[in-house]
Amino acid sequence: MSKPIRVFSGSLVALVTPFGQDGQVDYQQLSKLVDFHLQNHTDGIVALGTTAETPTLSQEEKDKIAQAVISQVAGRIPVIVGAGSNDTAHAAALARRYQAMGADGLLVVTPYYNKANKSGMLAHFQTVADSVDIPIVLYNVPSRTGCSIPLDVLAQLAQHKNIVGIKEASGDIAYTVACAKLVGPEFCLLSGNDDMIVPLLSLGGSGVISVLANVAPAQTHQLVEAYLSGDADQARRLQLEYLDLVNALFIETNPAPVKEALNLLGWQVGPCRLPLGPLSEASRQRLAQALEILK
């Protein structure tokens with residue numbers, strides 16, 4: 001079976017998880033956020049990623065969030081659900097669970113903490129991919145996991161019929177260039193860094209899984225659409241225009257700044273769960289200043 005061509009492209013938002021004053025998931029706000037993205041041309045929603053504070057969500061909460069987003073989107077844009085774990089059997093079980101819920105794809109992170117060797121890394125992703133029939137996007141974020149996908153392992157994984165792309169969030173342009181050389185034109189090379197969208201697109205990338213899109217969905221969509229439509233000058237202008245905001249959104253550990261940004265913009269997404277604490281006052285002031293570009 002051949003892979004679909006560029007199955008995921010454009011601006012896919014790494015969706016935050018809103019919490020109420022009681023610290024519980026606010027599903028009403030979650031629904032409003034999904035509507036916001038549907039109305040502002042977001043090309044796909046990634047639920048239960050890093051920005052969703054997945055490590056502090058219970059399995060019951062994860063399941064309910066995934067089902068809520070999938071049901072509300074109802075096939076209008078792709079919904080990718082995070083199914084990563086440092087336990088391969090658990091990751092495969094999550095993959096099957098979210099496929100059964102109706103996810104359009106899965107985001108599977110490198111197994112953190114274990115520091116898998118090459119054979120283990122390869123077998124981990126192959127086992128998860130073999131357990132489902134929907135597209136899988138690999139997630140390479142060594143700053144979070146302590147490990148990166150070796151290039152020769154990536155080359156093998158890219159041959160799997162269910163592995164259709166990679167969210168590349170290493171911030172290492174040399175690694176990204178090597179990734180682009182290894183994979184074919186049908187493979188989705190997705191930026192995991194909002195400050196490197198245009199550089200990655202210039203290497204043949206298909207889009208971004210974006211934190212910025214939480215607060216600027218239309219603008220992030222426009223940036224990617226401009227480049228993919230052949231207007232590199234417009235894409236470059238937008239990349240540079242929103243660079244200060246992007247930097248402010250990562251002034252402290254994600255997703256603390258983006259949740260504060262949403263709150264400053266009038267959303268009620270609450271604080272992060274511990275161990276992520278509130279922003280310093282200096283960071284909050286810089287963030288508020290950077291958000292002026294959206295007004």
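Note that the structure is a prediction, hence the values are computed from the model and not measured. In what follows, every heavy atom counts, from backbone to side chain, and hydrogens, waters and symmetry copies are set aside.
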(Q) Between N114 (side chain only) and A116 (backbone N and O only), is there a donor and an acceptor less than 3.5 Å apart? (A)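 The answer is no, because no donor-acceptor pair under 3.5 Å joins these two groups.
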
Inset, instruction - Give a yes or no answer on whether the side chain of R284 reaches the backbone of L279 with a donor-acceptor pair at less than 3.5 Å. - result: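 Checking the backbone N and O of L279 against the side chain of R284, no donor-acceptor pair under 3.5 Å is found.
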
Any side-chain donor near an acceptor of the partner, [X] and [Y], under 3.5 Å:
{"X": "Y139", "Y": "T50", "result": "yes"}
{"X": "N140", "Y": "S148", "result": "yes"}
{"X": "S85", "Y": "H90", "result": "no"}
{"X": "S170", "Y": "E168", "result": "yes"}
{"X": "T17", "Y": "E53", "result": "no"}
{"X": "N254", "Y": "T51", "result": "yes"}
{"X": "H160", "Y": "D130", "result": "yes"}
{"X": "R236", "Y": "Q239", "result": "no"}
{"X": "Q72", "Y": "S31", "result": "yes"}

I need the [X] [atom1] to [Y] [atom2] distance, nearest 0.5 Å.
{"X": "R96", "Y": "L106", "atom1": "CZ", "atom2": "CG", "value": "11.5 Å"}
{"X": "L157", "Y": "H124", "atom1": "CG", "atom2": "NE2", "value": "10.0 Å"}
{"X": "L203", "Y": "I173", "atom1": "CG", "atom2": "CD1", "value": "5.5 Å"}
{"X": "L151", "Y": "Q156", "atom1": "CG", "atom2": "CD", "value": "12.0 Å"}
{"X": "L190", "Y": "F8", "atom1": "CG", "atom2": "CZ", "value": "8.5 Å"}
{"X": "N214", "Y": "T220", "atom1": "CG", "atom2": "OG1", "value": "9.0 Å"}

- Got more than 12 heavy atoms from elsewhere within 6.0 Å of CD, E281?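 Yes, enclosed.
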
Check this for me: E241, atom CD, are more than 12 non-hydrogen atoms of other residues, nucleotides or ligands nearer than 6.0 Å?
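Count over threshold, so yes.
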
How far apart are the closest heavy atoms of [X] and [Y], and which atoms are they?
{"X": "L249", "Y": "P257", "answer": "O-CB, 3.2 Å"}
{"X": "L238", "Y": "Q219", "answer": "CD1-O, 4.5 Å"}
{"X": "N86", "Y": "Y112", "answer": "CB-O, 3.1 Å"}
{"X": "D104", "Y": "I77", "answer": "OD2-O, 3.8 Å"}

message = Assess the residue pair Q59 and D63 against the criterion (side-chain hydrogen bond (donor to acceptor under 3.5 Å, both in side chains)); give the C-alpha distance rounded to whole Å, side-chain angles, the decisive distance to 0.1 Å, and a yes or no.
response = CA-CA 6 Å; Q59 189 59 57; D63 290 352; 2.8 Å; yes

Can you list the steps and then say if D43 with S11 is a side-chain hydrogen bond (donor to acceptor under 3.5 Å, both in side chains)? CA-CA 5 Å; D43 299 293; S11 170; 5.0 Å; no

